[in-house]
Structures are given as C-alpha cells and as structure tokens.
Amino acid sequence: MDKILDAPNKKVMTDEERAKLAIRLDEDLDNFIDNLQRTPYKDGWKEETWREEMEKHPFFMSKPPKPEDELSPLVEGLQNLRYDPDDNTPEELATKHKEDGNFNFKCRKYKLAIMSYQEGLKLNFQNDQLRAQMFNNMSASHYFLKNFRSSLIAAEQALKIKPDYEKTILRAINCCIQLKEFDKCVDYCDKYLEKIPGDNIVMELKKEAIKSKKIIEMKKRKTMKIQKQREVEKQRLLDELNKRQLCIIGKKSGPIKDLAVLDPKVPGLVQPVHLVENRLVWPVTFLYPEYQTSDIIQEFHEDSTFYDYLMEIFSERPEWDVEGKYSADTVNVYFELLNEFKIATKVTKIETQTCTLGEALTLLRCPINNGTAVFMVYVAEGQHEKEFLENAP
C-alpha cells in the first residue's frame with residue numbers, strides 16, 4: 001500500500017487577525033494614493049465658457065454653424081465622414097447636399113441652403129430629376145432673399161431639364177414681373193396656361209404684364225422724344241454760341257463742341273446760358289468791391305443794356321449801401337481782360353446806357369469764366385474807383 005504523506009499543517013487566521021489585516025491594507029492603499037503626484041486636469045471645459053464649448057459640440061449644438069464660423073474638429077470630422085467621396089457615389093453626395101439645403105431652407109437659412117445646392121450641382125451625376133429639384137429649390141431660396149435675377153436664372157436651368165415644372169414656371173413669372181421683363185413674363189404665362197388652361201391668377205398676371213409693357217413702351221417713347229428735343233435745343237445753342245466771337249476761359253481753339261466749358265462753377269445756384277427765341281440769355285455777376293458783396297443776375301438778355309439792369313438793381317436802396325451812393329446814374333462798370341493764367345492784363349470800362357451785354361461779350365471781349373461774365377461796379381469818381389484804376393494793369 002502506498003504511503004500517504006500528510007501536508008504540513010497551515011495556521012488558520014482568526015476573525016480578529018483578518019480584521020486587522022484588512023485595516024492595514026486599507027491604510028497602505030490610502031498612503032499610496034496620497035503619495036501620488038497631483039496634476040490638474042487641463043483638457044476639460046472651463047466654467048465660464050462651457051456653454052460656448054457645448055454649442056460647438058455636434059451632439060449638443062442647437063443651431064447649424066454659419067458659413068463664416070470656424071468648425072470644431074468634431075463637426076469637421078463628421079462632415080468629412082458624411083461627404084467622403086470614397087464612401088459615396090456622386091449622386092449620393094448630391095442627395096446629401098440637397099437634404100442639407102432643404103433642412104436649411106425649412107430653417108429659413110436661405111443663404112446656407114443656396115450654398116448646399118451649389119455644392120451638389122457641382123458634382124457629376126446623371127440623375128436629371130435630382131438636378132432639376134436642386135435648381136428649383138435654389139431658385140426658391142433666391143426668391144425669398146429677393147434675388148430675383150438669380151432666382152430666375154436658377155428657375156430657367158430647372159426648366160431646361162424639366163419643362164413642365166409648374167411651380168418653377170410660376171416662380172419664373174413672378175421673377176419676370178419683379179424684373180419688369182414683361183415679354184418673357186408673357187411667354188412663361190403661355191407655357192403655364194398650356195399645362196393648366198383657364199388658371200385665373202396666371203391669366204390676370206398675363207394681362208397685367210401686357211398692360212405694363214405698353215406703359216413702359218409709351219414712357220420710353222416719351223423719354224426718347226424729350227431726349228431728341230434736348231439734343232436739338234443743345235445743337236441750336238451751340239450754333240448760336242459759335243456765331244459769336246466769345247472769349248471763353250478754358251476753351252480750346254476752334255468752335256465750341258461741348259457745353260461743359262460753360263457750366264457754372266456752382267451748379268443749381270446759377271442758371272447756365274440758354275436761348276430765348278434764338279437770342280442768348282446769360283448769368284452775370286456784379287461785384288461791389290467797396291462793400292465786398294455781389295449780385296447775381298440769373299437772366300441777362302444779350303440785347304439789354306447794363307443801364308436797364310442797374311435801374312432794376314438800384315430801384316430800392318440795397319441794405320449794404322449805407323450812404324445811398326449807388327444808383328444807375330452814379331456808378332461806373334468795368335471788367336478785366338484775363339490771360340491764359342487768369343491774370344488781369346487790361347481793364348475796360350462799359351458805357352452802361354448804350355452798351356449791351358452782347359456787345360460787351362463780343363466786341364469788347366469780356367471773358368466768360370465758368371459760364372458767367374463778371375463786372376465790377378464802383379461809384380463814379382469815388383475813392384475806391386480811383387484806387388482800382390491806379391492799380392490796374
């Protein structure tokens with residue numbers, strides 16, 4: 001019989017010993033944890049910015065990002081997965097862009113919707129129905145943004161693919177009305193009425209388009225008539241100006257070809273030279289150096305004498321004439337001849353009772369600067385006149 005060897009006797013722990021061992025192990029674990037190096041956690045959201053950080057997270061964001069927003073890595077990563085060309089056919093990608101566009105359209109994010117449709121339409125896919133839908137939806141987005149020209153262009157692209165697209169034809173009609181393209185509007189109305197004869201709304205739109213077209217054509221004819229009449233009057237004025245030997249500052253040699261050389265220095269304040277029964281009527285400035293003031297005669301007829309207008313000016317004493325010295329019979333009128341540098345070279349006196357404006361401008365060669373002739377008025381034999389003549393060139 002084999003001899004059985006007894007195993008060495010093991011000491012059995014009492015309950016009290018087990019409890020002490022457990023306490024010692026707990027103390028050792030606490031000491032180990034306490035001695036670990038403490039480092040702050042730096043990758044979490046800060047208390048003051050946690051809302052903004054959560055809004056950037058694709059699982060918690062409450063609204064889609066704007067085009068100008070910088071995308072978070074998570075959002076960008078999800079987009080890359082969604083639009084990965086290796087995992088999607090061109091048609092599948094186009095469908096996803098269309099879905100994104102439709103979502104943005106429902107959220108009234110029309111600009112984002114347009115961007116989505118544009119991205120989808122760039123792809124090379126063969127589904128004409130899908131392409132027509134994206135053009136139509138892009139047209140609708142532009143329409144809500146009041147981009148009527150872009151809306152019409154997109155609608156026309158959709159109709160090239162799907163000519164019987166009723167909603168698109170209606171939108172094209174409304175775009176044409178907004179753009180005042182009434183001929184095209186009538187054409188689209190006819191196309192729509194071929195599909196749905198007797199549509200009262202479209203029939204009324206067609207009538208309004210025809211009526212508006214007639215009104216615009218009538219206004220256009222009227223405008224052209226007025227423009228033609230102005231051109232005739234302008235040529236008549238040029239002809240009369242060129243008949244006279246005028247000294248116009250800034251004019252090149254030869255006949256006057258452009259009335260701009262006679263434009264007043266301050267448009268609206270002075271009426272430019274014009275014709276009255278084939279006679280010229282000019283703006284004229286009278287300077288009173290003694291009081292450093294002036295009068296502007298808006299319409300000085302070339303056949304009128306200076307005395308006529310001086311009588312009118314001094315029919316009542318001007319406020320600045322404190323001594324009552326100025327009248328048509330007590331003043332002398334002068335003008336200065338100017339060289340090409342607008343420097344006075346000669347002083348000429350006007351015989352006010354006999355000399356007309358036309359004679360002063362043609363025979364005496366009074367210069368016309370910025371469409372206006374300038375004359376200086378002094379009290380005859382007064383101190384200011386003497387000083388003026390003494391210093392004259």
Side-chain angles (χ1 to χ4, degrees), residues 67 94-95 97-232 234:
T95 301
H97 283 299
K98 183 195 126 181
E99 291 171 352
D100 289 346
N102 293 349
F103 173 77
N104 286 315
F105 184 89
K106 291 178 182 178
C107 297
R108 299 183 181 181
K109 303 289 185 180
Y110 303 119
K111 291 183 180 179
L112 288 174
I114 291 169
M115 293 175 63
S116 296
Y117 298 134
Q118 287 175 334
E119 289 300 314
L121 290 167
K122 291 178 183 178
L123 300 170
N124 184 19
F125 60 94
Q126 305 303 319
N127 189 334
D128 288 342
Q129 178 73 14
L130 176 60
R131 191 174 294 277
Q133 287 175 350
M134 282 197 286
F135 273 123
N136 175 63
N137 295 351
M138 186 164 66
S139 172
S141 301
H142 277 299
Y143 191 86
F144 277 100
L145 292 172
K146 298 185 178 181
N147 299 333
F148 300 116
R149 177 66 62 189
S150 297
S151 178
L152 178 59
I153 292 173
E156 289 175 334
Q157 292 296 322
L159 292 172
K160 285 181 181 178
I161 303 170
K162 190 178 179 183
D164 58 346
Y165 225 148
E166 295 172 5
K167 290 183 179 180
T168 311
I169 297 174
L170 279 175
R171 192 178 308 108
I173 291 171
N174 288 315
C175 287
C176 289
I177 291 173
Q178 295 292 336
L179 296 170
K180 302 187 185 303
E181 294 190 9
F182 298 114
D183 285 335
K184 189 178 286 188
C185 178
V186 172
D187 291 340
Y188 280 122
C189 287
D190 290 337
K191 289 180 181 179
Y192 189 87
L193 292 172
E194 287 178 4
K195 305 291 181 184
I196 308 179
D199 187 296
N200 293 330
I201 295 177
V202 176
M203 290 175 67
E204 190 63 29
L205 288 173
K206 180 180 177 181
K207 290 179 182 178
E208 289 297 321
I210 294 173
K211 180 180 178 181
S212 298
K213 178 187 174 183
K214 290 180 178 179
I215 292 173
I216 286 179
E217 288 177 345
M218 183 178 66
K219 289 182 177 179
K220 186 177 180 180
R221 288 193 299 269
K222 185 177 180 181
T223 301
M224 291 178 65
K225 183 178 178 181
I226 293 173
Q227 185 176 357
K228 186 176 180 180
Q229 184 178 354
R230 287 177 178 172
E231 289 296 326
V232 171
K234 177 183 176 181

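One-based numbering along the sequence shown.
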Report task. Using the side-chain contact (heavy atoms from CB on, under 4.5 Å) rule, take Glu181 and Tyr188 through it: C-alpha gap first, then chi angles, then the decisive distance, then the call. Result -> CA-CA 11 Å; Glu181 294 190 9; Tyr188 280 122; over 6 Å; no

Validation row: [X], [Y] side chains within 4.5 angstrom (heavy atoms):
X	Y	result
Ile153	His142	no
Val202	Ile196	no
Glu99	Thr95	yes
Arg221	Met218	yes

How many angstroms lie between [atom1] in [X] and [atom2] in [Y], if you round to the nearest 0.5 Å?
X	Y	atom1	atom2	result
Leu152	Gln157	CG	CD	10.5 Å
Cys189	Glu204	SG	CD	10.5 Å
Cys176	Arg149	SG	CZ	8.5 Å
Asn136	Ile161	CG	CD1	10.5 Å
Met224	Lys228	CE	NZ	8.5 Å
Ile226	Gln229	CD1	CD	7.5 Å

Taking all non-hydrogen atoms of both residues, which atom of [X] and which atom of [Y] are closest, and how far apart?
X	Y	result
Asn104	Ala113	CB-N, 3.7 Å
Ile216	Phe182	CD1-CE1, 3.1 Å
Ala94	Leu130	CB-CD2, 3.8 Å
Arg171	Ser139	CD-OG, 3.2 Å
Cys185	Ile177	SG-CG1, 3.7 Å
Tyr165	Ala132	CE1-O, 3.8 Å

Query - Plane angle bin for Phe105 and Tyr110 - parallel if under 30°, tilted between 30 and 60°, otherwise perpendicular - result: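 Geometry flag for Phe105 against Tyr110: perpendicular rings.
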
Main-chain N/O of [Y] paired to [X] side chain as donor or acceptor, under 3.5 Å:
X	Y	result
Thr223	Lys219	yes
Ser212	Glu208	yes
Asn147	Ser150	no

Is a salt bridge present between [X] and [Y], judged by a nitrogen-to-oxygen distance below 4.0 Å?
X	Y	value
Glu119	Lys122	yes
Glu166	Lys191	no
Asp128	Lys162	no

Requested in this report: Could you give me the CA-CA distance, side-chain angles and deciding distance for Tyr143 and Asn174, then say whether side-chain contact (heavy atoms from CB on, under 4.5 Å) is met?
Outcome: CA-CA 9 Å; Tyr143 191 86; Asn174 288 315; 3.4 Å; yes

Query raised in the report: Given the rule in the side-chain contact (heavy atoms from CB on, under 4.5 Å) test, do Glu156 and Thr168 qualify, once you have shown the distances and angles that lead to the verdict?
Result: CA-CA 8 Å; Glu156 289 175 334; Thr168 311; over 6 Å; no

Report task. Report the C-alpha distance between Lys111 and Leu145 in whole Å, list the side-chain angles of each, state the deciding distance to 0.1 Å, and finish with yes or no for side-chain contact (heavy atoms from CB on, under 4.5 Å). Result -> CA-CA 8 Å; Lys111 291 183 180 179; Leu145 292 172; 3.8 Å; yes

Query raised in the report: Would Asn102 and Tyr117 satisfy side chain to side chain donor-acceptor pair (under 3.5 Å), going step by step from the backbone distance to the final call?
Result: CA-CA 9 Å; Asn102 293 349; Tyr117 298 134; 2.6 Å; yes

**Report entry** Geometric cation-pi criterion, Arg131 with Phe125: 6.0 Å, 45°
**Finding:**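 Yes.
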
